[in-house]
Amino acid sequence: MSDVPAPAGRTRTWADMAVDAMGAALDRMVENGQTPGGVVAAGSVGAGPVYAAAGATAPGGATRPGPSTLYDVASLTKVVATWPLVGDAVVRGLVDLDTPVSAYFSTAVPGEGGGVTVREILTHSSGLMPSTRLDRYVGETRDVAEAILSEPLTGSGEHRYINRGFILLGLLLARVADRPLHDLLDGFSHDLGLSGLQYGPLPRGENVAPTERRLVGGEPMHGVVHDENAHTLGGVAGHAGVFATAEALAELAGLLLEARDGKGGLAALSGYIDESWRSAIRIDDVTDRGLAWLISKEGLVYHHGFTGTSLYLHPGSGRYLVVLTNAIAYGRERAGLSELRKIAADLFV
């Protein structure tokens, strides 16, 4: 349950109630063998986060995770690394959301994909192939961006969750800035005073949560990216590869919520954030897509990661919730995770 209880005499807040509910849900997942453990952080603008933790960092381990435990956040990389870095590039005039991505690559792109825009990628409506297997390009002499853009488009204008687009954005950011993507994220984190938001690989240790054991008799992925395509790219990609702590994501969440109102260290991204958190394309009766983020009909802005992670922001109330687990360590079915996420979303209703 909560590792940082409310001081005696202090009025219990929404964050206190949220971590109680989420801590109990994490405890149930651990007891049911659905995750080794996990950490949650809840808070709001102007108030520090409250944390809860459960279980252990690793399967069969004795070390309890905490606010500074590093988790492979998988597709949260899209919204905590690539998306803000794109916004920074837009503000600095290096990238335009409606310019075809081929304009940012020096190699000629013969396929339809060359006309795809950054905005279409962010809204997952580009029509790029939804199935991504970068190992098909191993050994080729052409640039990986050219290879991706040369593939035929399918379903342009329709919402289809596509990792390929964010892989392209990671490559694009490195090109326009003339710096490696991991270096760009390090600079972003440093400028904001964030510690615990970075690309791997990381040294094995009790402060790093391992993910999946892919082969019986083998070792789990520990400090190296779980996503196969990010691994093929060297562990650094626009769609996956980031490791983060609950502490760092809580701080980032607060900065993003402040920035929407033109305040704090990310104030320059205010317009970009506001646009990102408005509906750009309908997914179903209850969910829309903004720029990168999912948006619920209740105004909740959120994203998930395959390894067992989630980040929720509620601009209307200034509240946020960070959920970090390594449920993937017990299998790709990740039993119990959908229930945990429903409990999390319901806290904002």
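Atoms considered below: every heavy atom in the structure, side chains included; atoms not considered: hydrogens, waters and symmetry mates.
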query: Are Val176 and Leu269 connected in a single hydrophobic cluster, I mean Ile/Leu/Val/Met/Phe/Trp/Tyr linked by side-chain heavy atoms less than 4.5 Å apart?
result: yes
query: Could Asp96 and Arg119 be called an ion pair, given the rule that one side-chain N must be under 4.0 Å from one carboxylate O?
result: no
- line: Here the pair of heavy atoms bringing Tyr51 nearest to Ala250 is OH-CB, 4.5 Å
query: Counting N and O atoms only, with roles assigned by atom type, does the side chain of Trp14 sit under 3.5 Å from a partner on the main chain of Leu347, one being a donor and the other an acceptor?
result: yes
query: Between Arg136 and Glu151, is there a side-chain N and carboxylate O pair less than 4.0 Å apart?
result: yes
task: Give a yes or no on whether Glu228 atom CD has more than 12 heavy-atom contacts from other residues, nucleotides or ligands under 6.0 Å away.
output: yes
message: Can a donor-acceptor pair be found, under 3.5 Å and without considering hydrogens, that links the side chain of Thr123 to the backbone of Leu291?
response: no
message: Evaluate Asp20 against Arg12 for salt bridge (charged side-chain N to carboxylate O under 4.0 Å, His left out), listing each step before the verdict.
response: CA-CA 11 Å; Asp20 282 352; Arg12 281 175 57 79; 2.6 Å; yes
query: Quick one: does His303's side chain get under 4.5 Å of Leu311's, heavy atoms only?
result: no
- request: Answer yes if Tyr161 and Leu169 sit in the same cluster of Ile, Leu, Val, Met, Phe, Trp and Tyr residues linked by side chain heavy atoms under 4.5 Å apart, and no otherwise.
  value: no
query: Can you tell me if Thr82 uses its side chain to pair, donor with acceptor, with the backbone of Gly238 under 3.5 Å?
result: yes
- prompt: Under 3.5 Å, is there a donor-acceptor pair between the side chain of Asp72 and the main chain of Ala74?
  reply: yes
message: A side-chain contact here means heavy atoms from C-beta on lying under 4.5 Å apart; do His182 and Gln198 qualify?
response: no
- prompt: Just by distance, do the side chain of Thr77 and the backbone of Val242 share a donor-acceptor pair under 3.5 Å?
  reply: yes
query: Any side-chain heavy-atom pair from Thr13 and Met17 closer than 4.5 angstrom?
result: no
- request: Using a 4.5 Å cut-off on heavy atoms from C-beta on, say whether the side chain of Asp261 contacts that of Pro315.
  value: no
query: Does a salt bridge link Arg214 with Glu212, judged by any charged N lying under 4.0 Å from a carboxylate O?
result: yes
field: Nearest non-hydrogen partners of Ile295 and Ser279, listed with the distance
entry: CD1-N, 3.8 Å
query: Where the side chain of Arg160 meets the backbone of Thr154, is there a donor-acceptor pair that is under 3.5 Å apart?
result: yes
query: Between Glu120 and Thr117, is any pair of side-chain heavy atoms under 4.5 Å apart?
result: yes
field: Verify same cluster id: Leu172, Leu97 (apolar side-chain graph, 4.5 Å)
entry: yes
- prompt: What class does the angle between the rings of Tyr272 and Trp83 fall in, given that below 30° is parallel, 30 to 60° is tilted and above 60° is perpendicular?
  reply: parallel
query: Are a donor atom and an acceptor atom from the side chains of His159 and Arg289 found within less than 3.5 Å of each other?
result: yes
task: Check the pair Arg142 / Glu140 against salt bridge (charged side-chain N to carboxylate O under 4.0 Å, His left out), numbers first and verdict last.
output: CA-CA 6 Å; Arg142 61 177 171 169; Glu140 289 197 18; 2.5 Å; yes
- prompt: Any chance the rings of His226 and Phe243 have centres within less than 6.0 Å?
  reply: no
field: Any Asn326 side-chain heavy atom under 4.5 Å of Thr35 side chain
entry: yes
message: Testing the basics here: between Val45 and Gly254, what is the closest heavy-atom pair and its distance to 0.1 Å?
response: CG2-O, 4.3 Å
query: Does the side chain of Ser44 come under 3.5 Å of the side chain of Arg319 through a donor N or O and an acceptor N or O?
result: no
field: Nearest atoms (heavy-atom pairs only) where Pro210 meets Ala58
entry: CG-CB, 3.6 Å
message: Taking atom CZ as the centre, does Arg133 end up with more than 12 heavy-atom neighbours from other residues, nucleotides or ligands that are less than 6.0 angstrom away?
response: no
- prompt: What are the two closest non-hydrogen atoms of Tyr104 and Thr99, and how far apart are they?
  reply: OH-CB, 3.5 Å
query: Cation-pi between Arg334 and Phe306: NZ/CZ under 6.0 Å from ring centre and within 45° of the ring axis?
result: yes
field: Pair Asp284, Thr287: side-chain N/O donor-acceptor within cut-off below 3.5 Å
entry: yes
- request: Check whether any side-chain heavy atom of Trp277 lies under 4.5 Å from a side-chain heavy atom of Trp293, and answer yes or no.
  value: yes
- request: Check whether the side chains of Thr245 and Glu247 place a donor and an acceptor atom closer than 3.5 Å, and report yes or no.
  value: no
message: Has Asp227 got a side-chain atom pairing as donor or acceptor with Ala230's backbone, closer than 3.5 angstrom?
response: yes
- request: Answer yes or no: is there a donor N or O on one side and an acceptor on the other, between the side chain of Asn207 and the main chain of Thr69, under 3.5 Å?
  value: no
field: Under 3.5 Å donor-acceptor, Asp274 side chain and Ser270 backbone
entry: no
field: Any donor-acceptor pair under 3.5 Å from Arg213 side chain to Gly218 backbone
entry: yes
